[in-house]
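Reviewing the structure listed below.
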There are 2 protein chains.
Amino acid sequence: MFVCLFALGIPVPGKGDQMLSNSDAALLFKALSDETRLKIVDMVSEVELCACDILEEFELTQPTLSYHMKILTDSGLVQARKDGSWMRYTLNADIAGSLRDYLAQITADNKGANAGRRQHSNCSCQGTCEG
Amino acid sequence: MFVCLFALGIPVPGKGDQMLSNSDAALLFKALSDETRLKIVDMVSEVELCACDILEEFELTQPTLSYHMKILTDSGLVQARKDGSWMRYTLNADIAGSLRDYLAQITADNKGANAGRRQHSNCSCQGTCEG
DNA sequence: CAAACATATAGACATTCCTCTATATGTTAA
DNA sequence: TTAACATATAGAGGAATGTCTATATGTTTG
């Protein structure tokens, strides 16, 4: 039977993304533990944005936004690129993927020694999902 | 072409789990922003455990563990069940699933108006995944 | 160069977080 | 009922967080 390894929280082999350490994951979740930063992640996952574009969407001062961007880039979840006087931000899709894998891993209940493969409750792939 | 909706971060219809609000998600990520709590989540996702079982795995005092369990249960990520003198803890799989969906959603780059369905980088389902 | 623009840093301040000790509450067992 | 066990609560203290104002740094433009 084919199952969706991703949905089971099993890192897909050959993808090159390694399981995050607990401390890295804690840092990434801390970066996501603030509503402002959640909105920023959502924004920069769609399209590259400069700080001034992001600032317009919030009622924050420029230094406060800079503080949040530093937390996001230090965690690795957001990439910064300097373009003249602008800083352009995008999501780091690899880190985001690793964090999704990590979250799936620690919330999966198939980690015991005798855990068998089975359909994950959150996967729509009714057994047809390649594993 | 069939794609994996789950891996795309699109809530699977008919599952009954609603997209979390930003503030709920921030609270859940805050619950996960501490290494001790990450380990606890990993532990209780495998098997129901009482506080004393969990305490043995850490170099913490009992009140400190109680503090962490309160944060985890208040967030909804962990369920508590009183059994005589013991508190038994398990992962709330529904909330965990909603959080995985939320994370997939805000880190997906397919949210624009003209976004097309396509294979997600973290899904092993090579187009065979039912959507 | 000087002015305007974009961003970062420094420092202050209130709040929250994580840990502890001490103690309280509730449950089981002798 | 008393002792032992399991957990929760109160309160303290130091560290971290999120916000601001003021200022510094670097870039573009007239």
Side-chain angles (χ1 to χ4, degrees), chain A residues 21-44 47-92, chain B residues 21-44 47-92:
Chain A
S21 70
N22 262 22
S23 66
D24 285 345
L27 198 68
L28 286 162
F29 286 130
K30 185 162 297 181
L32 293 174
S33 71
D34 178 274
E35 273 197 71
T36 296
R37 293 195 294 266
L38 282 179
K39 288 176 196 158
I40 294 170
V41 167
D42 193 20
M43 291 167 68
V44 300
V47 62
E48 188 175 57
L49 293 172
C50 69
C52 54
D53 291 333
I54 299 169
L55 186 58
E56 285 184 352
E57 299 295 315
F58 297 95
E59 304 225 334
L60 293 174
T61 61
Q62 176 269 321
T64 298
L65 177 64
S66 184
Y67 162 80
H68 285 302
M69 296 318 296
K70 182 163 170 48
I71 286 175
L72 287 170
T73 54
D74 282 355
S75 77
L77 190 58
V78 168
Q79 282 172 317
R81 175 175 74 84
K82 184 153 190 176
D83 175 18
S85 176
W86 288 271
M87 288 298 294
R88 312 273 189 193
Y89 295 102
T90 49
L91 185 75
N92 185 328
Chain B
S21 70
N22 263 20
S23 66
D24 284 346
L27 196 69
L28 286 162
F29 286 129
K30 185 161 294 181
L32 293 174
S33 69
D34 177 275
E35 273 198 71
T36 296
R37 294 195 293 265
L38 282 180
K39 288 176 197 159
I40 293 170
V41 167
D42 193 21
M43 291 168 69
V44 300
V47 62
E48 187 175 58
L49 292 172
C50 68
C52 54
D53 291 332
I54 299 169
L55 186 59
E56 286 184 351
E57 299 296 314
F58 297 95
E59 305 225 333
L60 294 174
T61 62
Q62 177 268 321
T64 298
L65 178 64
S66 184
Y67 162 80
H68 286 301
M69 297 317 297
K70 181 162 169 50
I71 286 174
L72 287 170
T73 54
D74 282 355
S75 78
L77 190 58
V78 168
Q79 281 172 318
R81 176 174 73 85
K82 184 153 190 171
D83 175 17
S85 175
W86 289 269
M87 287 299 294
R88 311 272 188 194
Y89 295 101
T90 49
L91 185 75
N92 184 328

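Convention: sequence-line order gives letters A, B, ...; per-chain numbering from 1. Please read these numbers as outputs of a predicted model, since none were measured by experiment.
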Inset, instruction - Without swapping roles, check the side chain of Arg37(B) against the backbone of Ala31(B) for a donor-acceptor pair under 3.5 Å. - result: yes
Inset, instruction - Using a cut-off of strictly less than 4.0 Å, decide whether Thr61(B) has a side-chain nitrogen or oxygen near OP1 or OP2 of dC20(C). - result: yes
Inset, instruction - Using a 4.0 Å heavy-atom cut-off across all strands, classify Arg37(A) as base, sugar-phosphate, or nothing. - result: sugar-phosphate
Inset, instruction - Check whether any side-chain N or O of Thr73(A) sits under 3.5 Å from a backbone N or O of Met69(A) as a donor-acceptor pair, and report yes or no. - result: yes
Legend entry - Leading and trailing nucleotides of DNA chain D with any atom under 4.0 Å from heavy atoms of chain B: dA6(D) to dT9(D)
Inset, instruction - Check the distance between dC20(C)'s C1' and Glu59(B)'s CD and give it to me in whole angstrom. - result: 15 Å
Inset, instruction - Run through Leu27(A), Val44(A), Val41(A) and flag the one making a side chain to side chain contact (heavy atoms under 4.5 Å, CB included) with Leu77(A). - result: Val41(A)
Inset, instruction - Could you tell me the separation between the CD1 atom of Ile40(B) and the P atom of dC18(C), rounded to a whole number of Å? - result: 11 Å
Legend entry - dC17(C) OP1/OP2 closer than 4.0 Å to side-chain N/O of His68(B): no
Inset, instruction - Tell me what Tyr89(B) touches on the nucleic acid: a base, only sugar-phosphate, or nothing, going by heavy atoms under 4.0 Å. - result: sugar-phosphate
Inset, instruction - Measure from CE on Met87(B) to P on dT27(C) and round the result to the nearest Å. - result: 12 Å
Inset, instruction - Supply the atom-to-atom distance Thr64(A) OG1 to Leu55(A) CG, rounded to the nearest 0.5 angstrom. - result: 9.5 Å
Legend entry - 5' priority, DNA chain D, between Ala51(B) and Leu60(A) [closest heavy atom]: Ala51(B)
Inset, instruction - Identify the two heavy atoms, one from Glu35(A) and one from Asn22(B), that lie closest to each other, and give their separation to 0.1 Å. - result: OE1-CB, 3.6 Å
Legend entry - Atom pair distance, as rounded to whole Å: OH in Tyr67(B) and C1' in dT16(C): 8 Å
Legend entry - Sugar-phosphate only, base, or nothing, as touched by Ile71(A) at under 4.0 Å among non-hydrogen atoms: sugar-phosphate
Inset, instruction - May I ask you to decide if Gln62(B)'s main-chain N or O and Ser66(B)'s side chain share a donor-acceptor pair within less than 3.5 Å? - result: no
Legend entry - Nearest-nucleotide comparison on DNA chain D, the residue closer to the 5′ end among Ser33(A) and Asp83(A): Ser33(A)
Inset, instruction - Map Lys30(A) and Asp53(A) onto DNA chain C by nearest heavy atom, then report which one ends up closer to the 5' terminus. - result: Asp53(A)
Inset, instruction - Taking all heavy atoms of Ala25(B) and all of Leu38(A), pick out the closest pair and write down the distance. - result: CB-CD1, 3.9 Å
